[in-house]
Number of protein chains: 2
Amino acid sequence: MTVQLEGRLASRGDTPLGDRCGIDRTMQLIGNRTAMLLLREAFHGATRFDSLHKRVGVTEAVAAQRLKELVAAGVLAKEPYREPGQRTRHAYVLTEAGHALLPVVTALLEWGGRYAPSPYGPTPLAHAGCGEPVHTELRCEAGHAVPEEELVLGTPLEG
Amino acid sequence: MTVQLEGRLASRGDTPLGDRCGIDRTMQLIGNRTAMLLLREAFHGATRFDSLHKRVGVTEAVAAQRLKELVAAGVLAKEPYREPGQRTRHAYVLTEAGHALLPVVTALLEWGGRYAPSPYGPTPLAHAGCGEPVHTELRCEAGHAVPEEELVLGTPLEG
DNA sequence: GTGCTGACTATGTCATCGCATAGTCAGCGG
DNA sequence: CCGCTGACTATGCGATGACATAGTCAGCAC
């Protein structure tokens, strides 16, 4: 019923993990509502400050602050671009680390659609190739779907 | 390079999504560091208040508050139990909605291990069945791995 | 060089989240 | 019924995050 633990983790008693844990570090970097919503819009293809702040629905000050943090975290990069007849502007684009956050974003989206339903209903994800619904799930490199009770957590401190 | 949008979402201009978005609702319910860390410990099998608050490393007041919120959100349930020779206590156990958060937690863990590295190294996930490393990824119901550029987002407001 | 627009920055205020310390409360052992 | 322990609750304070309003700044159009 719970994740299996290995090595030092298995008998850590009640000592806190602190920043040994990747969840903690991730949440400290990008674990707030506004950052996630900015990422959502980045995945939707929004790149301009104006568009991002309006679509997320926060004030410019907050958007500027969060975007600065996301750039500092290496999740977004500021790239100069110029449209014809326009001055040079900066686009916020997802870095590799940013793109790697897609499972986080989709997992939050799926869960919210199912367990925090709204009058608007869930937002379905689909595969462009075959049209089938898409889910965020655990798979091992051998291709097996991994249910919770078959998940083993190693410890980073040994070996 | 970005998620493809369908229907009303495709041309929403710069209007905010607000709580039409499952990401937003999820983040409002459980989108803070302490809640995620409490869930981490719940997945590790911790059920008792004392254990949870110590392992997460927050004060009792904060743990009590967050646990109350998680119970209200339907993610944890308080269940009475009695050990022999002990008085009745309450265990915090994951509900079905709570278990459904596993992909969120593992996605955060994986990302942190890779892109917010610590001196302790990443925490590897493995499949108990075959020993292979496990990843949180997007799959369609036909079994295809879905890369970002093949992901289509529907809109909840039509049909 | 004036105006316009996109992209911020500044200020002030309020709510939320965290910490630290201290207090409460229930019930079993003695 | 006294004390201990686990599980909270209360209070006070500082940091963070949000909002609203207003100001700045760069550069192209004219």
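Because only heavy atoms are used, hydrogens play no part in the values below, and waters and symmetry mates are left out as well, while side chains stay in. Treat the numbers as computed from the prediction; the structure is a model and nothing was measured. Order of the sequence lines sets the chain letters (A, B, ...), proteins ahead of strands, with each chain counted from 1.
- A sub-4.0 Å separation between OP1 or OP2 of dG6(C) and a side-chain N or O of R48(A) is absent.
- For the pair H53(A) NE2 and dA7(C) P, the interatomic distance rounds to 10 Å; values are reported in whole Å.
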Output a table of nitrogen or oxygen pairs between the protein and nucleotides 23-26 of chain D separated by less than 3.5 Å.
{"from": "dA26(D)", "atom 1": "N3", "to": "R87(A)", "atom 2": "NH1", "distance (Å)": "3.1"}

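- The two atoms that bring V3(B) and L151(B) nearest to each other are CG1-O, 3.6 Å, heavy atoms only.
- Counting only residues at least two apart or in different chains, ring-ring contact (aromatic ring centres under 6.0 Å, His included) contacts with residues 18-51 of chain B comprise F49(B)-H53(B).
- The interatomic distance linking R55(B) (CZ) with dA7(D) (P) rounds to 14 Å, in whole Å.
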Using the 3.5 Å cut-off, write out each protein N or O paired with an N or O of nucleotides 16-21 of chain D and the distance between them.
{"from": "dA18(D)", "atom 1": "OP1", "to": "T34(A)", "atom 2": "OG1", "distance (Å)": "2.5"}
{"from": "dA18(D)", "atom 1": "OP2", "to": "R66(A)", "atom 2": "NE", "distance (Å)": "2.8"}
{"from": "dA18(D)", "atom 1": "OP2", "to": "R66(A)", "atom 2": "NH2", "distance (Å)": "2.9"}
{"from": "dC19(D)", "atom 1": "OP2", "to": "T59(A)", "atom 2": "N", "distance (Å)": "3.4"}

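- Straight-line distance from the CE atom of M36(B) to the P atom of dG18(C): 13 Å, rounded to whole Å.
- At whole-Å resolution of the value, NE2 in H90(B) and C1' in dA7(D) are 10 Å apart.
- A donor-acceptor contact shorter than 3.5 Å is absent between the side chain of S51(B) and the backbone of D14(A).
- Here the C1' atom of nucleotide dA7(D) and the CZ atom of F49(B) are 6 Å apart, to the nearest Å.
- In this view, D50(A) and K54(A) satisfy the side-chain hydrogen bond (donor to acceptor under 3.5 Å, both in side chains) rule, not counting sequence neighbours.
- In this structure, the NZ atom of K54(A) is 11 Å from the C1' atom of dA7(C), given to the nearest Å.
- Sorted by first and then second residue, the salt bridge (charged side-chain N to carboxylate O under 4.0 Å, His left out) pairs with a member in residues 119-138 of chain A read E137(A)-R139(A); sequence neighbours excluded.
- Remark: R114(B) engages no residue in a side-chain hydrogen bond (donor to acceptor under 3.5 Å, both in side chains) (not counting sequence neighbours).
- Here the C1' atom of nucleotide dG6(C) and the CG atom of D50(A) are 6 Å apart, to the nearest Å.
- Regarding contacts with the backbone of dT9(D), a side-chain N or O of K68(B) is found under 4.0 angstrom from either OP1 or OP2.
- Taking R25(A) as the reference, nothing meets the salt bridge (Lys or Arg N to Asp or Glu O under 4.0 Å) condition, with sequence neighbours excluded.
- Sorted by first and then second residue, the salt bridge (charged side-chain N to carboxylate O under 4.0 Å, His left out) pairs involving residues 94-108 of chain A (not counting sequence neighbours) form an empty list.
- Mapping A64(A) and R89(A) onto DNA chain C by nearest heavy atom places R89(A) at the nucleotide closer to the 5' end.
- Evaluation of the side-chain hydrogen bond (donor to acceptor under 3.5 Å, both in side chains) rule for T34(B) yields no partner, not counting sequence neighbours.
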